[in-house]
Amino acid sequence: MPHPIRLSDFLDSPGPDRAAVLADLDGCLLSGETVLPDVPRLLARCGDRLWIVSNNSTDTAQTLAVRLARLGLPVPAGRILLAGEMTLRTLQAERPGARVALFAASPLQVLACALGLYPDRRRPDLMVIARDTGLSFDDLAEIIALAHAGVPVRLTNPDITHPGADGTPCPETGALWAAVTAAVPRAAAVSLGKPAPDLLRRALRRAGVAPRDAVFIGDTPETDGAAAAAAGVDFVLLARPGAPARDLLQREASSC
Ligand SMILES: [Mg+2]
């Protein structure tokens, strides 16, 4: 596994000069609603070569672009690829007009309607599970009942948690799925989110850049690193805020 480095170290390397710089969002650019150190420098250095590739399944690219702009990070929606949105767009392309039991926050609900996916929790063709902080116990019971009935599942992303502003783990879609499979152990889900390479491949296709000419910076080896490896893109592991970076690790090792 690569050693984690700080974003400032990455900025001092040739990495940001690649034809495309793909970046994870939570723990790399943002922590909660806080912009992490040196991220404005990253945007200034990379300009339109910077792409956000995130397992976020709460926002759409449009809603996230607005949120980022408010935080002083002007990244247009066209350079933001998100697992939740990609799941719905892929579904619309594969099964236009499908009847979908969608468990998601309102930006994805609105997008599903705009794409022509038909909301139906009684007799759905399939179920989509995204991150919805308004999800209730009754919703969980509905999800479990549908999984028990054998309704195919698209899980936006398998992450168990993402780091909150102070490092406290925030439950993610994978934690919800763990609750579902605790109740229905035979349930299986398909996910296009990282560690699958789909988000990265889509970003590179949109950028017109070959994998060897790109780099991906992320804070989670199990998802970001694995997705980079599967897409054939060089990976740089960033230290999470408050976590020791490589120079600190080396200093600690040499003092032992
Ligand atoms: Mg992350």
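Remember, it's 1-based here, ligands and their atoms both numbered in the order they're listed.
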**OP:** Please name the atom of D26, restricted to N, O or S, that is closest to the Mg ion (ligand 1).
**Re:** O

**OP:** Answer yes or no as to whether an N/O/S atom of D219 is found below 2.8 Å from the Mg ion (ligand 1).
**Re:** yes

Subject >> Nearest heavy-atom neighbours spanning R67 and N56 >> reply: NH2-ND2, 4.0 Å

Original post:
Are R121 and F103 in a cation-pi contact, defined as NZ or CZ under 6.0 Å from the six-membered ring centre and within 45° of the axis?
Top reply: yes

Original post:
How close do D17 and R49 get, heavy atom to heavy atom, and via which atoms?
Top reply: C-NH1, 3.5 Å

Subject >> Of H162, K194, E172, R131, the residue whose pairing with N157 passes side-chain hydrogen bond (donor to acceptor under 3.5 Å, both in side chains) >> reply: E172

Original post:
Which N, O or S atom name in D24 marks its closest approach to the Mg ion (ligand 1)?
Top reply: OD2

